[in-house]
K.L.:
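My questions will all concern the structure given below.
Worth saying up front: this structure is predicted, and the values here are computed from it rather than measured. In listed order, ligands and their atoms are each counted from 1.
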Amino acid sequence: MDDTDSYLLSFRGYNLERNLVDIDQLENADDFEIRDDDVFIVTYPKSGTIWTQQILSLIYFEEHRNKTEKVVTIDRAPFFEYNIHKLDFSKISSPRIFTSHLPYYLVPKGLKNKKAKVIYIYRNPKDVLISYFYFTNLMANLQATRNLDEFLDRFLDGKVIGSLWFDHIRGWYEHKHDFNIMFMKYEDMKKDLRSSVVKICSFLEKELNEEELDSVVKQSTFRNMKSDPQANYDQIIKGEIGTRTNDGFFMRKGTIGDWKYHFTVEQSERFDRIFQRKMKDIPLKFIWDINEE
Ligand code: PPS
């Protein structure tokens, strides 16, 4: 890696954020005690992580839903490999929700007991890329790029946190039989949030009444999360980690197909060629456009 990549730490071939990663946690992941009722939200960066953290926090914790307890989602559903607030995971009472960007081969072996659950959220990678481009330019701890072409190269080289998008999704998809895992699309959540929440509840075996369901859906819309300090990470990225400017947000746009306003035809065709080659044997469906069925 060159100097510009000094914020990246490569661990067993996978790139993490050097200053935030809890390396002990990662090195000892195989010994981490998984409980049967643990849930892991797994994503490639910029695919709907915070959104799913909020949805699960609302489903699991009445105090979160009713706002009777002020706990930010990052502490309700902490990152396994980025334990920013140094929580003692063994002391968290069940059910625990963890969040992770790790590839399948770095998560705790105990997840293969197939009792603990994994929810893998994926998003069309052109929108992931645009979201990531803005995010790396916003965050003071990440490598900024001058233009989309430059970021496209980095993304396609896997020189970002999370490494190569194609490897991440392929790895999890091909090893899905080792886990109790459900795959969900960001775009399906966007198109029909209520049905997506119902689907998540069913996978988690959590029964909510209509009123509770309404509350989960309402509090996890883009608009409501953007104005909810408990949900939107503003405090963390601006206060604790640091941004380059004050006018960018973690909750940026939250739409399907924003890539169309950014990619040139040439960039899009280049991406499509690589996508078709690398994904041809992965039968997951992708939604690239809001009007697509
Ligand atoms: S991270 O840094 O990996 O944790 O980022 P992540 O949370 O995975 O992705 C951030 C993008 O998700 C969008 N987002 C949402 N979209 C729709 N509805 C809701 N409620 C929602 N919450 C977060 C967020 O806006 C980022 O996407 P972009 O395209 O940049 O807006």
Side-chain angles (χ1 to χ4, degrees), residues 7 15-17 20-21 40-59 72-82 84 97-103 119-142 148 151 155 160-163 165 168-169 184-194 196-197 200 216-238 240-241 243 247-263 287-290:
Y7 79 102
N15 291 332
L16 297 122
E17 210 283 21
L20 297 178
V21 68
F40 271 63
I41 299 165
V42 178
T43 57
Y44 184 84
K46 314 322 289 179
S47 302
T49 323
I50 192 181
W51 193 4
T52 316
Q53 285 174 299
Q54 168 74 343
I55 293 173
L56 261 64
S57 303
L58 292 164
I59 292 175
V72 287
T73 44
I74 189 90
D75 291 338
R76 294 266 183 217
F79 266 91
F80 180 78
E81 68 273 23
Y82 301 113
I84 296 172
I97 309 170
F98 292 105
T99 306
S100 179
H101 290 321
L102 290 175
I119 301 185
Y120 187 94
I121 309 290
Y122 67 100
R123 183 182 190 186
N124 89 62
K126 286 182 178 170
D127 279 335
V128 168
L129 190 148
I130 296 302
S131 178
Y132 217 163
F133 172 59
Y134 279 99
F135 190 62
T136 45
N137 280 350
L138 172 67
M139 298 302 297
N141 62 327
L142 304 181
L148 189 59
F151 187 73
F155 187 85
V160 287
I161 295 165
S163 292
W165 179 87
H168 198 274
I169 192 157
M184 278 201 81
K185 284 200 272 309
Y186 172 101
E187 293 80 5
D188 283 346
M189 289 160 62
K190 185 76 198 174
K191 287 183 166 203
D192 188 346
L193 185 51
R194 195 183 175 86
S196 302
V197 172
I200 292 173
V216 174
V217 174
K218 187 166 172 226
Q219 295 186 64
S220 51
T221 61
F222 181 84
R223 190 141 64 106
N224 285 342
M225 280 178 64
K226 193 169 167 92
S227 61
D228 177 357
Q230 195 169 292
N232 63 25
Y233 273 23
D234 263 4
Q235 198 185 315
I236 301 206
I237 65 166
K238 295 193 173 150
E240 296 178 44
I241 303 177
T243 50
D247 53 4
F249 297 94
F250 194 98
M251 305 283 303
R252 189 185 61 92
K253 224 167 174 186
T255 57
I256 305 173
D258 192 37
W259 64 270
K260 293 187 174 176
Y261 302 103
H262 294 82
F263 275 67
I287 296 180
W288 307 88
D289 185 301
I290 186 80

K.L.:
Scan Asp127, Asp258, Asp234 and name whichever one has a salt bridge (charged side-chain N to carboxylate O under 4.0 Å, His left out) with Arg252.
P.N.:
Asp258
K.L.:
What are the two closest non-hydrogen atoms of Thr255 and Tyr186, and how far apart are they?
P.N.:
N-OH, 3.7 Å
K.L.:
Tell me whether the rings of Tyr82 and His101 are parallel (<30°), tilted (30 to 60°) or perpendicular (>60°).
P.N.:
perpendicular
K.L.:
Parallel, tilted or perpendicular for Phe263 and Trp259, by the 30°/60° rule?
P.N.:
perpendicular
K.L.:
What's the shortest heavy-atom distance between Asn124 and Ile256, and which atoms?
P.N.:
ND2-CG2, 4.5 Å
K.L.:
Give a yes/no verdict on a cation-pi contact between Lys226 and Phe250, requiring under 6.0 Å between NZ or CZ and the six-membered ring centre and an angle within 45° of the axis.
P.N.:
no
K.L.:
Filter the ligand 1-protein atom pairs down to N or O on both sides and distance under 3.5 Å, then list them.
P.N.:
{"residue": "ligand 1", "atom": "2 (O)", "partner": "Lys46", "partner atom": "NZ", "Å": "2.9"}
{"residue": "ligand 1", "atom": "3 (O)", "partner": "Lys46", "partner atom": "N", "Å": "2.9"}
{"residue": "ligand 1", "atom": "3 (O)", "partner": "His101", "partner atom": "NE2", "Å": "3.2"}
{"residue": "ligand 1", "atom": "5 (O)", "partner": "Lys46", "partner atom": "NZ", "Å": "3.1"}
{"residue": "ligand 1", "atom": "7 (O)", "partner": "Thr49", "partner atom": "N", "Å": "3.3"}
{"residue": "ligand 1", "atom": "7 (O)", "partner": "Ile50", "partner atom": "N", "Å": "2.9"}
{"residue": "ligand 1", "atom": "8 (O)", "partner": "Lys46", "partner atom": "N", "Å": "3.2"}
{"residue": "ligand 1", "atom": "8 (O)", "partner": "Ser47", "partner atom": "N", "Å": "3.0"}
{"residue": "ligand 1", "atom": "8 (O)", "partner": "Gly48", "partner atom": "N", "Å": "3.0"}
{"residue": "ligand 1", "atom": "8 (O)", "partner": "Thr49", "partner atom": "N", "Å": "2.8"}
{"residue": "ligand 1", "atom": "8 (O)", "partner": "Thr49", "partner atom": "OG1", "Å": "2.4"}
{"residue": "ligand 1", "atom": "16 (N)", "partner": "Tyr186", "partner atom": "OH", "Å": "2.7"}
{"residue": "ligand 1", "atom": "20 (N)", "partner": "Trp51", "partner atom": "NE1", "Å": "3.1"}
{"residue": "ligand 1", "atom": "20 (N)", "partner": "Ser220", "partner atom": "O", "Å": "3.0"}
{"residue": "ligand 1", "atom": "20 (N)", "partner": "Phe222", "partner atom": "N", "Å": "3.4"}
{"residue": "ligand 1", "atom": "25 (O)", "partner": "Arg252", "partner atom": "N", "Å": "3.3"}
{"residue": "ligand 1", "atom": "27 (O)", "partner": "Arg123", "partner atom": "NH1", "Å": "3.2"}
{"residue": "ligand 1", "atom": "27 (O)", "partner": "Ser131", "partner atom": "OG", "Å": "3.4"}
{"residue": "ligand 1", "atom": "29 (O)", "partner": "Arg123", "partner atom": "NH2", "Å": "2.9"}
{"residue": "ligand 1", "atom": "29 (O)", "partner": "Arg252", "partner atom": "NH2", "Å": "3.0"}
{"residue": "ligand 1", "atom": "30 (O)", "partner": "Ser131", "partner atom": "OG", "Å": "2.7"}
{"residue": "ligand 1", "atom": "30 (O)", "partner": "Arg252", "partner atom": "NE", "Å": "2.8"}
{"residue": "ligand 1", "atom": "31 (O)", "partner": "Lys253", "partner atom": "N", "Å": "2.6"}
{"residue": "ligand 1", "atom": "31 (O)", "partner": "Gly254", "partner atom": "N", "Å": "2.7"}

